[in-house]
Protein chains: 2
Amino acid sequence: MVKMSDVAKRANVSTATVSRVLSKEGYVSEETRNKVLEAIDILGYTPNRLASNFRKSSSHTVLAIIPDITNPFFSEVVKGLEKVAAERGYHVLLGDTGNSLHVERDLMELVREQVADGVILATARVTNEEIEKLGRGLPIVVACEYFDGISIPTVSIDNVVAAREATQYLIDCGHRRIAFISGRFNIVLNRDRIRGYRQALEYNGLHVHEGLIQEGDWTMESGMNAMSRILAMDQLPTAVFAASDEMAVGALKSLKAKGLRVPDDMSVMGFDDISLSEMVEPELSTVQQPKRELGELAIRMLLNIIEGKKLERTQVILSHRLVIRGSTAPPRSAHEGGR
Amino acid sequence: MVKMSDVAKRANVSTATVSRVLSKEGYVSEETRNKVLEAIDILGYTPNRLASNFRKSSSHTVLAIIPDITNPFFSEVVKGLEKVAAERGYHVLLGDTGNSLHVERDLMELVREQVADGVILATARVTNEEIEKLGRGLPIVVACEYFDGISIPTVSIDNVVAAREATQYLIDCGHRRIAFISGRFNIVLNRDRIRGYRQALEYNGLHVHEGLIQEGDWTMESGMNAMSRILAMDQLPTAVFAASDEMAVGALKSLKAKGLRVPDDMSVMGFDDISLSEMVEPELSTVQQPKRELGELAIRMLLNIIEGKKLERTQVILSHRLVIRGSTAPPRSAHEGGR
DNA sequence: CTGTTAGCGCTTTCAC
DNA sequence: GTGAAAGCGCTAACAG
């Protein structure tokens, strides 16, 4: 492996000079620069970034900790991360926790070990306090999730408001009995969505039936199962709001299997607006999150922290948007003139 | 930042000893080990992996070059990569090329720069010869795609046979006029699928109508458009085989929009068996690829190369499987007793 | 079993 | 503008 000193020797300069032309910092005369460049070319020199990183004690790498890369929501976020990381000369190390708290904690270590300069934490399993503790000193930004009164930078949508609006939309359609298919109860982001759902019902003077809130785990299968449980009740809702599009699609399938029609017999609302929602029939009404932007902004903030720039804002809320497609409509009873 | 020499001092030993207890290599007496461990604990020492990597000139990182992390097929493959990488103490650097040949070439540089110890190249845009050249010397394995007579290790299914079988299945159903929605023509993996399609037709003495082969770009939209083009022809096929599930779903949508029923009016076959294929209605018949395993095996091979172990086999073909679901059936003319 | 020592390849003062 | 030299924190011979 040819190294800098080889280039220096060949060009009759010192390694300091070679380093200077490579880093484009400090003055080097046009003439020397050309000599060096030529030597590099002839010898086919490639700088050893490992050595450079070590010396500068910066890996130019950020770690993306995500629960599951297979989840289309997160792959969109990661795509955003990757894009601006590349633009700014950073690399992204992928840490897929498989939803394990343990793995999440382990991965954080990598920053202390200097393997990464900072962390993007998407949907934290660790607690508020733990993040604060872990984050002390190391560059970190939490993406997709908002923590109240936390000192760690955060980028997300307002899940409470988004869920409230979606629920309100169903209420405005005339639905009075609305089920909620939830993600895991222990996830903050999901609890926010439940809260929004409750708020909308309460605001409209509707009773919150605990039995209508069924827990899933974001997957389609769990959505199917949750819907089946709901369909087994003796008083059926006329609409169901799922905390993820996959679960909403599961609900769709379960409904079809039981011979119920969407939206005629039951309205279905999803969350996230992943591409899947336009691929099913009927297309899913859902809450659109700016996935790519979430990732882009999160990493911009992180890189700014790493590079010592001050952030103007440490908690950023991006805007969501209700997307109404074919899976929601007024309840049949409303069509028929009430009951 | 507390370093190894601090620990050494505190434990009254040399850094060599500390290094030994950390690496678990070489003999250290139980007593000294405990002293060291205690010192580490008290001081809150974390080894600097950047320094260690530099010294050992190994980053313990592999680079995954993929065209698009947002594509569910690749995210599954990456999931597999990540899993065994983590098991074996490696990290995976994500390189999303966005289908750009240029970016693909640039990323390869990272290995020469020692940022990564090796590369997994999923669906190469670069040519056969270029891979050979680039790969000379650096650990690399090509995943998902098979190159004839290449010296670089490869893990994939047999796309030719898989496509042939899928086409044969449609023929066996009674279809005689079968369209093919292709991915980009310049991609090897896709050309293999076209070849399989042609082989099946020819083997059964059916004419290959060039107009029935329409190019898409793997996305749902491109599948819709390709299907629309096919539907504009004056003699319609009775079945369509798409080179990806997303494109097949696009075909489904286009068909529905035109009021045609699947599989009654037209059979649709996909490729990949991503989860989407079970989410649409009717569920998609498709060719299942062992995505996760593809990733797992590819990285196993790569790590073996990196660690200097010999590979038993350098070109591995994993098995695919035809999955028949609701989107394929005999053509209506067959139902009605021929025409 | 443990310590001494010599770097890994690069960057960065500090002189000149 | 350029060079000399001192390490960054760790590992790995090599002695002992």
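Proteins get letters first, then strands, A, B, ... in listed order; numbering begins at 1 in each. We use all heavy atoms of the structure for the numbers below, so side chains are in, but hydrogens, waters and symmetry mates are not.
The P47(A) side chain lies nearest to dC10(C) when the options are dT11(D), dA5(D), dC10(C). Comparing atom distances between the Y27(A) side chain and each of dG1(D), dT2(D), dC10(C) picks out dG1(D) as nearest.
Backbone-only contact: V13(B) has heavy atoms under 4.0 Å from sugar-phosphate atoms and none from a base. Backbone-only contact: S52(B) has heavy atoms under 4.0 Å from sugar-phosphate atoms and none from a base. Counting non-hydrogen atoms under 4.0 angstrom, S29(A) reaches the backbone sugars and phosphates but no base. Across all strands, N12(B) comes closer than 4.0 Å only to sugar-phosphate atoms, never to a base (heavy-atom distances).
For the residue pair Q289(B) and F73(B), the shortest heavy atom distance occurs at NE2-CE1, 3.3 Å.
Of the residues near DNA chain C, R55(A) and E31(B), the one whose nearest nucleotide (by heavy atom distance) lies more toward the 5' end is E31(B). Place T32(B) and V2(A) on DNA chain C by their nearest nucleotides, and T32(B) ends up nearer the 5' end.
We find that CE of M4(A) is positioned 12 Å from C1' of dT12(C), with the value rounded to whole Å. In this entry the distance linking CE of M1(A) with P of dG7(C) reads 21 Å, nearest Å. Here dT11(D) presents its P atom at 9 Å from CG of N48(B), a figure rounded to the nearest Å. Note: CG (N34(A)) to C1' (dG1(D)) measures 15 Å, nearest angstrom. Here dG9(C) presents its C1' atom at 13 Å from CG of L50(B), a figure rounded to the nearest Å. Across the protein-nucleic acid pair, K3(B) atom NZ and dC8(D) atom P stand 5 Å apart, rounded to whole Å. For L22(A) and dG9(C), the CG to P distance is 16 Å, given to the nearest whole Å. Taking atom NE2 of residue H60(B) and atom C1' of nucleotide dC10(D), one finds them 14 Å apart after rounding to whole Å.
Atom CD1 of I187(A) sits about 11.5 Å away from atom CG of N159(A), to the nearest 0.5 Å.
For dT2(C), neither phosphate oxygen OP1 nor OP2 lies less than 4.0 angstrom from any side-chain nitrogen or oxygen of T17(B).
One N or O donor and one acceptor, one from the side chain of R20(A) and one from the base of dG3(D), sit under 3.5 Å apart.
Between the side chain of N190(A) and the backbone N or O of G183(A) there is at least one donor-acceptor pair closer than 3.5 Å.
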Going through the distances and angles, do N99(A) and T97(A) end up as a side-chain hydrogen bond (donor to acceptor under 3.5 Å, both in side chains)?
CA-CA 5 Å; N99(A) 268 303; T97(A) 67; 5.3 Å; no
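dC8(C) has F54(B) stacked on its base ring, the centres lying under 5.5 angstrom apart and the planes within 30 degrees of parallel.
When the shell of 6.0 Å around NZ of K310(B) is examined, it contains 12 or fewer heavy atoms from other residues, nucleotides or ligands.
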